[in-house]
Amino acid sequence: MPLSLNTKYLEDFISKGEYGLISNEIKRVHKLLHHKTGVGSEFTGWLNLPSCYNKEEFIQIKETANKIKNMCDILVVIGIGGSYLGARAVIEAINSQNYNNMPKDTPDIYFIGNSISTDSICDLLKICEDKDICVNIISKSGTTTEPSIAFRVFRNLLESKYGREYNKRIFCTTDRSKGTLKEISDKEGYETFVIPDDVGGRYSVLTAVGLLPIAVSGISIDKLMLGAQKAELDFSVDEIDKNDCYKYAAIRNMLYKKGKEIEILATYEPKMSMFGEWYKQLFGESEGKDKKGIFPSSVTFSTDLHSMGQFIQDGSRNLFETVIYIESNKQEITLDKLSQDIDGLNFLAGKNISYINKKAFEGTLLAHTDGGVPNIVILIPEMNEFELGYLIYFFEKACAISAYILGVNPFNQPGVESYKKNMFALLGKPGYESEFEALSKRLK
C-alpha cells in the first residue's frame, strides 16, 4: 500500500470496541457521499475525478505546460486559497521548498494574489525585471479581491513588456462559460482551462487549477493522477476495518468527542510545510461551521520541537497529532568520524541523517504519547508523484467523511464572506453604502 495508518499510539485513548460502535455511522455517511444525498452533494465532483477527469483537457494541460516552459523564465501563478495552495504544496513536496533556487530546466514559479500586501507584489515585480514571464490567473469568478488586484498589476506589466502579443502569455483557469474572468479571457484571447462546477476550490488540486502549474514545474501529472486513482479504488469500501481513510475520519471524531478539539498535522520534512497549509484550508473551511469543528494546525519537526514542542508536550490536553512520516529519502548524507570528538557526535559516525531523523520521530512519538497526546501515524514509503496523489485523495475523502460525521456541510464556506462584505463597505464599493457608516463608527 502507498500509505499505512498506524493506530498503535491511540490505544490509551480509544478502545477497540469504540471502532465497532462508530462503524454504522461510517456506513451511513459513506452512503450520503457516494449516493450524493448529503448536504453540498452538488460539489462532489472530486470524488470520482481521478478516474473520470477530462482526458482532452489533460492533454492540453501538458502541451501548454511545455509551451510555458519554452516561453518564460518565471511563471507567476495568481490565486488565493484552493487556487494556489494545492499546486504549491505539490511542487515543494516533490521538488523542493527551495524549488526556485535549484538548478533546473523549468521556470521559476512564484505565487501571488494570496494577500493584499504591497511589499509582496512589489518584491515580485522586481524579481520579474529583465525576465521573460507568463501568468496563470486562477479564479472561478474573476472578482475575488486579492487575485484581481494582482492580475491587474501583472497584466499591465505584460502589456508594457510585450505589447500586442501579451495575451499569449496569460493562461486563465476559470469557469467554463460565465463570470468576469471568462468574459475577459474570451475578449482578449487568453488560453483558458476549466474549474469544474462540481469541484470546490479546496478540493481542486487535481483539476487544471493545480495541474497546470504542477506540470510546468516538471512533475509528472500522469503519475500524480495514477496515485489518486489507486486511492479512489482503495477507499471505496464502507467498512472501517478495511478503509484507513474512513478509520482516520472516525478517529478524529472520536477524539473530538473526548475534548480533543485541535489537530496538529506534523511532518519531519520541511518540504511538506506547504502541504500542511493545504491541509489547514481543506479541514478548516470544511469543518469550521455551525460552532463546531476540529481546529487544524501544522508543525514541522524537529524544527518546531524547539518552539511548539513545549506546548504539545506539557500544555493544555485538548489536542492530538497526526504525523506524516516519509520512510525513505531521495538523497542521503552519512556522518564521518572526527579524529577529535570536539562536537560530541562521534557516537553517530557511520549513521546517515535520515536514520537520526527517524529516531527523533520515534522519540517524539513516545514522549508526546506519554504526555497525554493521542498520535495518529501515517507512514509513506517515499515521496513521489504516485504517493502524493494517493495522499491528497486520502485527505480529501477523509475530510468529507469527517465533516458528515460531525454534522456539517463539507463543501460550503459561509463564514468566508463576512470579512469581504465589511471590506467592500469600508472601501466604498457600490452597493455597500448602507453598511459604511455603521462600520466606520465601530472602528473609531
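Small disclaimer: the values here were computed from a predicted structure and weren't measured.
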Exercise for the section: Could you tell me how the ring of Tyr325 sits relative to the ring of Tyr268: parallel (under 30°), tilted (30 to 60°) or perpendicular (over 60°)? Expected result: perpendicular
Is [X] salt-bridged to [Y], going by a charged N under 4.0 Å from an acidic O?
X	Y	result
Lys131	Asp108	no
Glu63	Lys67	no
Glu327	Lys358	no
Glu285	Arg202	yes
Glu287	Lys292	no
Lys182	Asp175	no
Asp197	Lys140	yes

Practice task
Kindly indicate whether the side chain of Phe154, heavy atoms from C-beta on, has any atom under 4.5 Å from the side chain of Leu124.
Solution key: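 Yes - at least one pair of side-chain heavy atoms lies under 4.5 Å apart.
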Practice task
For the residue pair Thr145 and Lys420, establish whether any side-chain heavy-atom pair is separated by less than 4.5 Å.
Solution key: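 In short, these two side chains do not touch, never coming nearer than 4.5 Å.
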[atom2] on [Y] to [atom1] on [X], rounded to 0.5 Å:
X	Y	atom1	atom2	result
Ser115	Ile121	OG	CD1	6.5 Å
Met274	Thr267	CE	OG1	12.0 Å
Asn243	Ser236	CG	OG	7.5 Å
Ile133	Leu125	CD1	CG	8.0 Å

Handout entry: Non-hydrogen atoms of Tyr203 and Pro410 that approach each other most closely
Key =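 For Tyr203 versus Pro410, the nearest heavy atoms are OH-O, 3.7 Å.
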Problem - Shortest non-hydrogen contact from Tyr84 toward Gly79 - result: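 Smallest heavy-atom distance, with atoms named: CD2-O, 3.6 Å.
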Between [X] and [Y]: side-chain donor-acceptor atoms closer than 3.5 Å:
X	Y	answer
Glu263	Tyr279	yes
Glu191	Gln60	yes
Asn48	Glu232	yes
Tyr246	Lys397	yes
Ser273	Thr300	yes
Thr44	Lys36	yes
Ser15	Glu18	yes
Ser51	Gln229	no

Practice task
Decide whether a cation-pi geometry holds between Lys258 and Phe13; the criteria are a distance under 6.0 Å from NZ or CZ to the six-membered ring centre and an angle within 45° of the ring axis.
Solution key: no
Problem - Lys/Arg cation over aromatic Tyr53: Lys55, 6.0 Å, 45° cone - result: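 Cation-pi check for Lys55 and Tyr53: passes.
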Practice task
Give the intermediate values and the outcome of side chain to side chain donor-acceptor pair (under 3.5 Å) for residues Lys104 and Tyr99.
Solution key: CA-CA 9 Å; Lys104 57 187 180 298; Tyr99 168 79; 5.3 Å; no
Within the distance-only criterion (no hydrogens, no angle test), does the side chain of [X] pair as donor or acceptor with the backbone N or O of [Y] below 3.5 angstrom?
X	Y	result
Ser402	Cys399	no
Asn329	Gln331	no
Asn375	Val373	yes
Asn352	Tyr355	yes

